[in-house]
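Atoms considered below: every heavy atom in the structure, side chains included; atoms not considered: hydrogens, waters and symmetry mates. Lettering of chains follows the sequences in order, A, B, ..., and the numbering in each one begins at 1. Since this is a predicted model, take the numbers as computed values, not measurements.
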Amino acid sequence: MALFPENTKMVEPPPHVPKNLVYDFDVEKDARILKDPHEAYTALHRDAPDIFFTRTGGGHWLVTRFDDVTSIMMNPQVFSNRRTLEPADNDTEYTLPPQDMDAPLHMKYRLLLMKFLAPKAVKDMNPRIRQLSVDLIEKLKGRNSCEFIAELAVPLPVQMFMSIMDLDTSQYKKYADWIHTIMGGGERTPEARMGAMMAVDADIERLVQERMEKPGTDAVSILLASSVDDKPLTVKRVKEMCYLLFLAGLDTVTCAMSFILRYMATHHDIQDRLRAHPEQISGAVEEFMRRIAFVNVPRLVTQDIVVNGVQMKRGDTVICSLLAASNDPRKIDHPMEVDLDRASSPHVAFNTGPHSCAGVHLARMELVIFLEEWLKRMPNVSLKPGFTPRFRAGSTIAMDELDLVW
Amino acid sequence: MPELTVKTRLGEEKKIDGKVGYTVMEAIREANINDTATDGVFAICGGCRACGTCHVYVDDASKAAFGVMEPEESDLLDMSDQRTGQSRLSCQLKITEAANGAHFTIAPDF
């Protein structure tokens with residue numbers, strides 16, 4: 001998905017940007033990213049300054065080092081999640097609350113999401129995730145190939161999400177197609193993307209109306225019954241939050257599953273080891289997530305600040321590459337290798353700071369349970385000979401297909 | 001430097017250094033106590049009181065060494081099934097000399 005769909009212009013750097021810090025790298029469509037995103041972003045550690053200014057996408061900083069990304073994410077007073085410098089309050093228009101909110105409002109809304117995303121809530125979803133995983137994997141019985149993304153990596157998280165929202169899971173293909181189109185998959189046109197966004201909007205509208213009339217125990221009903229500062233959430237705010245859940249909760253788990261399987265398909269030793277030691281899968285997921293991190297996070301600079309020797313000014317835009325930061329050789333040895341024997345796997349694949357992923361527990365649980373059931377039922381899988389992945393760039397780096405054989 | 005004792009989710013007791021001025025969460029992380037091998041994520045928000053994943057139990061005898069709980073910390077602890085009278089978020093526990101000898105147990109996530 002595009003980070004700044006409204007701003008694709010190439011601009012000259014502002015006067016406070018020194019020439020030696022200018023390095024062009026178009027996060028939306030650089031040919032290097034589309035060829036191999038993990039290679040492209042980690043090559044920046046070698047080829048570009050730690051923090052550089054790219055003239056693409058309206059002109060912005062790009063941050064690639066673990067320590068710099070962490071210090072920015074831990075300093076939300078200076079690095080705002082808002083898209084404009086205008087002061088905001090509870091009545092302000094938000095696109096994806098609480099993602100685009102700042103303190104103190106952000107935390108009040110985040111706590112509402114935790115009502116259904118905290119470990120206590122997610123724990124009850126364990127049997128459902130396991131059943132969905134088993135059902136999807138069992139469909140591969142008697143075959144020797146699959147297109148992993150359409151057959152497994154999309155249906156599992158989409159159906160889980162639909163369960164949380166208490167939606168009819170038999171409709172999952174419709175949702176999967178919308179999210180794929182919005183995220184920029186395939187050869188979809190801007191018109192198709194707009195159409196999908198409007199369809200999602202209409203569906204959320206319908207869903208909210210339905211739950212207002214007949215509340216249940218699902219996420220939408222929970223939000224509709226919630227208050228911030230003793231004021232019940234407006235229908236508009238609930239819709240905005242549903243939209244965030246839809247965008248943040250679906251494509252990301254799909255990406256994680258597909259990048260993990262792509263890595264395992266070329267590393268049979270890891271498949272052997274985790275099949276023999278399923279108790280190591282949980283730790284392995286953390287190391288996989290570090291290696292395959294795929295999200296870019298934007299921030300708006302609200303006051304002049306120096307980061308790692310770089311002068312940033314109020315109004316600058318910063319993009320932090322969680323992919324590059326999680327594979328920073330200054331933080332971790334041989335980062336591009338999934339090493340299951342590391343003492344720890346420090347990473348920011350789920351980001352850090354107040355805006356770190358609120359769905360992390362659900363995401364990890366889906367990944368762990370899926371891998372447990374996959375390795376139990378499947379022989380070692382490989383990439384289909386001649387398979388060349390097609391990637392998507394932007395805020396989430398994704399693959400379009402993953403052809404596996406066994 | 002104050003010495004802290006931490007019982008991991010695997011049941012192992014470890015003695016770790018606690019730098020004065022830092023938090024117990026940072027001390028646990030510095031000591032590479034990596035409990036993700038069993039479950040959960042440790043301190044994903046980095047200590048800004050936003051995630052509730054650095055939940056520990058503080059031994060009764062060690063409680064007095066740390067400040068009182070603010071409502072925001074309590075809100076987050078309410079999100080856990082594992083909350084007890086000893087529950088604290090370790091990112092909110094500032095280490096002072098008084099913390100020497102304190103005992104903690106890392107709470108289960110689920």
| How are the rings of His267(A) and Tyr263(A) set relative to one another: parallel (under 30°), tilted (30 to 60°) or perpendicular (over 60°)? | parallel

| said: Side chains of Leu4(B) and Ile95(B), heavy atoms from C-beta outward: is any pair under 4.5 Å? | reply: yes

| message | At a 4.5 Å cut-off on heavy atoms, which part of Met365(A) comes close to chain B: side chain, backbone, both, or neither? | response | side chain

| Between Asn351(A) and chain B, which part of the residue has a heavy atom less than 4.5 Å away: side chain, backbone, both or neither? | backbone

| remark: Cut-off 4.5 Å, heavy atoms of chain B, and the answer for Met74(A) is side chain

| task | Return yes if some donor-acceptor pair links the side-chain N/O of Ser62(B) with the main-chain N/O of Val58(B) below 3.5 Å, else return no. | result | no

| remark: Value for CD1 (Ile369(A)) from CZ (Arg128(A)), rounded to nearest 0.5 Å, stands at 12.0 Å

| Is the shortest side-chain N to carboxylate O distance from Asp59(B) to Lys7(B) below 4.0 Å? | no

| note | Counting heavy-atom pairs under 4.5 Å with chain B, the top scorer among Met73(A), His355(A), His106(A), Met107(A) is Met107(A)

| note | Cut-off 4.5 Å, heavy atoms of chain A, and the answer for Arg29(B) is neither

